[in-house]
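Only one structure is covered here, and it is reproduced in the block below.
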Amino acid sequence: MTELCTMNNVSYKEILTDVNVSMKAGGRIGIVGANGAGKSTLLQLLAEKLQPTDGHIEWFKRASTFFVEQEQQVFERAISKGAKATWHVPERAYEQLSGGEKLKLRLAEAFAEKAQLLLLDEPTNHLDAASLALLTKQLKRYRGTVVVVSHNRAFLNDVVNEIWHIEHGQIERYNGNYEAYRTQYEAKLLRQQREFDKQQQEVARIEHQMATITSWSERAHAESTKHEFPKEFYRAKAKRMDAQVKSKHQRLEKELQKHTIEQPKKDDAVQFEFQQSEATGKHLLELKHVSKKFGEHVLFDDVNATISYGDRIALIGNNGAGKTTLLRMLLDQESYDGEIWRSPAANIGYLTQQVFDLPEDKTPSELFERPTFKERGLVQTLMIHLGFTSEQWHEPIALMSMGERVKCKLMELILAQKNVLILDEPTNHLDLASREQLEKVLGDYNGTIIVVSHDAYFVEKTTTMQFTIAQHKLVTPLFETETAADKERMQLENRLQDVLGKLSFLTAKDAHYAALDEEFHELTKKLRTLK
């Protein structure tokens, strides 16, 4: 394959430093690295949306380029019906499409353009299994050069034959797919650590020799002061020893300078946790005969479901099925027909899949302002544990990568201490270390979790049941087995929680207290009978 371009000592601000790497025409390159390492910056440099602050990119063959960014708020270009049909994108305004449908529309445009260089920034985010399979198929058939940023390991294994790893501002190239890269990278770290350990043993030997000859010199000078006659003889002997020591020191220092192997740098571990929540009663949310449609487009028709305290639910469905809309309905942020009951004790934290809903002009120090020095210190420690640098405490959110913005939103949830977490595509944009830590903390969390995710491994690790959206219904584990007695018990328990919530704000002197207290005892009796 002929070379398409070469990056010659390319630097961009403090993100990339003296990068030297070549790209071959027809290559399939995967870009990997931690959040904030510079992956999106690299794509923007290749797309000429950014210019290097130092060095230059030499193009041997000027290629037509198409860049699909991670997120795009506005899309006004016309796409053919055939391209939309291939990607199963409905004929609706861009702002009315789901996250997955928006991405598929941008991918439809990219493949229709047939550019010689296709740059894809996190193209698997939001995609359901069928759309991911289609993307993989299209990339395998693509005739141009492809450069893709992704944290999806299986996807990279399928579509790339070369990995560029960005670490500490540098790019290192590895042949093969993601799995081959990991094997080579880990072997390199192991080899470097062994060489470093061997070097340190040699350094210790040389330093011991230097300490020994220094002690000879000191001893010679001490001896010269003990002799009364002839002093000049012993002084001359001490000086000769000084000259020998100096010569040996210089020789040993030159040996030390040869040992330049650095210890492999370890990335700081990503660490965070959600506070454990208090039990809040059996039922948290109940949907009764709920329907939802946009114009003539029906999403839900007569949906009934119950969510209880401690449930760990994965909400499953194809792109455009209505997953995000249902989450917004549960939070009363979207209109609907029917009834959704919410427990007064439910303290819900919601992580949206949007990354542009944070105030970009604010810094973390402003966004997470706390009244005391101690509280601010705890927030800053949490930021460090999430993989941020101390300098980012005072940098505007506009300068953050998409993954770092998601981590900021996770910080908001962690600090809010909620007993119900509703997470819409929480792994989008997150690097592998952050995904693994999120899996761990959600596994330890004892509150209620409702997750939308197309990451099958993440779903398996963090949830215990699935609610599936299919044919305008919500298919739940109790969809076919719930009895009339179950429904009556659930309704009584929900009403009991309502009454308890109201009683908690009243005293015995209030006008409504006696009636509510009597209803509480009646409900309790009925529940005992049913049980």
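The number of heavy-atom neighbours closer than 6.0 Å to CZ of R143, taken from other residues, nucleotides and ligands shown, is 12 or below. Around the CZ atom of F356, the shell of radius 6.0 Å holds more than 12 heavy atoms that belong to other residues, nucleotides or ligands. The environment of E14 atom CD is sparse: at most 12 non-hydrogen atoms of other residues, nucleotides or ligands sit within 6.0 angstrom. Other residues, nucleotides and ligands place more than 12 heavy atoms under 6.0 Å from the CZ atom of R173. Counting heavy atoms of neighbouring residues, nucleotides and ligands inside a 6.0 Å radius, atom CD of E334 exceeds 12 of them.
By the 6.0 Å and 45° rule, K114 does not stack over the aromatic ring of F111. Relative to the six-membered ring of F75, K102 misses at least one condition, a distance below 6.0 Å or an angle of at most 45° to the axis.
Between the side chain of Q184 and the backbone N or O of A180, at least one donor-acceptor pair lies under 3.5 Å. A donor-acceptor pair is defined here as one N or O able to donate and one able to accept, closer than 3.5 Å; such a pair exists between the side chain of R376 and the backbone of R370. Between the side chain of D128 and the backbone N or O of N319, at least one donor-acceptor pair lies under 3.5 Å. No donor-acceptor pair under 3.5 Å is formed between the side chain of T448 and the backbone N or O of V420. Under a 3.5 Å cut-off, the side chain of S11 and the backbone N or O of D54 do not form any donor-acceptor pair. Counting only distance, with no hydrogens or angles, the side chain of N157 and the backbone of E179 share a donor-acceptor pair below 3.5 Å. Checked by atom type and distance alone, the side chain of E366 pairs as donor or acceptor with a backbone atom of T363 at under 3.5 Å. At distances below 3.5 Å, at least one donor-acceptor pair connects side-chain atoms of Q392 with backbone N or O atoms of T389.
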Would S131 and K104 count as a side chain to side chain donor-acceptor pair (under 3.5 Å) if you check the C-alpha gap in whole Å, the side-chain angles of each, and the deciding distance to 0.1 Å? CA-CA 8 Å; S131 302; K104 288 195 289 186; 3.2 Å; yes

Where do E172 and K188 land on the salt bridge (Lys or Arg N to Asp or Glu O under 4.0 Å) test, with the steps shown first? CA-CA 11 Å; E172 187 148 1; K188 172 199 156 190; 2.8 Å; yes

Salt bridge (Lys or Arg N to Asp or Glu O under 4.0 Å) for K39 and D431? Distances and angles first, verdict last. CA-CA 11 Å; K39 301 184 296 295; D431 56 37; over 6 Å; no

Please lay out, stage by stage, how L120 and V147 fare under the test side-chain contact (heavy atoms from CB on, under 4.5 Å). CA-CA 6 Å; L120 304 175; V147 182; over 6 Å; no

Passes side-chain contact (heavy atoms from CB on, under 4.5 Å), D311 versus T464? Steps please. CA-CA 8 Å; D311 282 350; T464 56; over 6 Å; no

Criterion side-chain contact (heavy atoms from CB on, under 4.5 Å) on Q333 and Y350, from CA distance to verdict: CA-CA 11 Å; Q333 295 179 3; Y350 179 36; 3.8 Å; yes

What do the steps show when you test L103 against L127 for side-chain contact (heavy atoms from CB on, under 4.5 Å), and what is the final call? CA-CA 8 Å; L103 175 56; L127 293 186; 3.8 Å; yes

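Two residues are said to be in side-chain contact when any heavy atoms from C-beta on lie closer than 4.5 Å; Y181 and N175 fail this criterion. Two residues are said to be in side-chain contact when any heavy atoms from C-beta on lie closer than 4.5 Å; Y178 and V160 fail this criterion. Annotation: side chain of R405 is in contact with side chain of E360 (closest heavy-atom distance under 4.5 Å). A heavy-atom distance below 4.5 Å is not found between the side chains of V441 and D444. Between S98 and T324, every side-chain heavy-atom pair lies at or beyond the 4.5 Å cut-off. Side-chain contact between V355 and V406 is present, with heavy atoms from C-beta onward closer than 4.5 Å. In this structure, the side chains of V459 and H454 stay at 4.5 Å or more apart for every pair of heavy atoms. A heavy-atom distance below 4.5 Å is not found between the side chains of Q116 and F66.
Across all non-hydrogen atoms, the minimal contact from F368 to L415 is CD2-CD1, 3.8 Å. Pairing each heavy atom of D121 with each of S40, the nearest pair is OD2-OG, 2.6 Å. Taking each heavy atom of A63 and L4 in turn, the nearest pair found is CB-CD1, 4.0 Å. Considering every non-hydrogen atom in both T65 and A47, the closest pair reads CG2-CA, 4.4 Å. What you find for E69 and R106 is that their closest heavy atoms are O-NH2, 3.3 Å. Across all their heavy atoms, G30 and L156 have their closest contact at CA-CD2, 4.2 Å.
Remark: K409 engages D357 in a salt bridge, criterion side-chain N to carboxylate O under 4.0 Å. Here D158 does not pair with K137 in a salt bridge; the nearest charged N to carboxylate O distance is not below 4.0 Å. Taking 4.0 Å as the cut-off between side-chain N and carboxylate O, R182 and E186 count as a salt-bridged pair.
Once rounded to the nearest 0.5 Å, the distance linking OG1 of T6 with CG of N20 reads 9.0 Å. One distance of note links CD of Q380 with CH2 of W393; it measures 4.5 Å at 0.5 Å rounding. The distance from atom CD of E122 to atom CD1 of I31, rounded to the nearest 0.5 Å, is 11.5 Å. The structure places CG of D424 at 10.0 Å from CZ of R328, a figure rounded to the nearest 0.5 Å. The line from NZ of K24 to SG of C5 is 11.0 Å long, rounded to the nearest 0.5 Å. Note that the CE atom of M402 and the CG atom of N125 stand 10.5 Å from one another [nearest 0.5 Å].
With no hydrogens or angles considered, a side-chain donor-acceptor pair links T372 and E375 at under 3.5 Å. The closest side-chain donor-acceptor pair between T325 and K292, if any, does not fall under 3.5 angstrom. Side-chain atoms of E162 and W164 include a donor-acceptor pair closer than 3.5 Å. Side-chain atoms of Q70 and H429 include a donor-acceptor pair closer than 3.5 Å.
Each of L315, V475, N318, I316 was evaluated against I469; a single residue qualifies, L315, per the side-chain contact (heavy atoms from CB on, under 4.5 Å) test. Partner P52 forms a side-chain contact (heavy atoms from CB on, under 4.5 Å) with one of N9, V10, N8 and no other, that one being V10. Under the side chain to side chain donor-acceptor pair (under 3.5 Å) rule, E71 has a single partner from H126, Q353, Q354, which is H126. Of the options K323, K84, R92, a salt bridge (Lys or Arg N to Asp or Glu O under 4.0 Å) to E101 is made by R92 and by none of the others.
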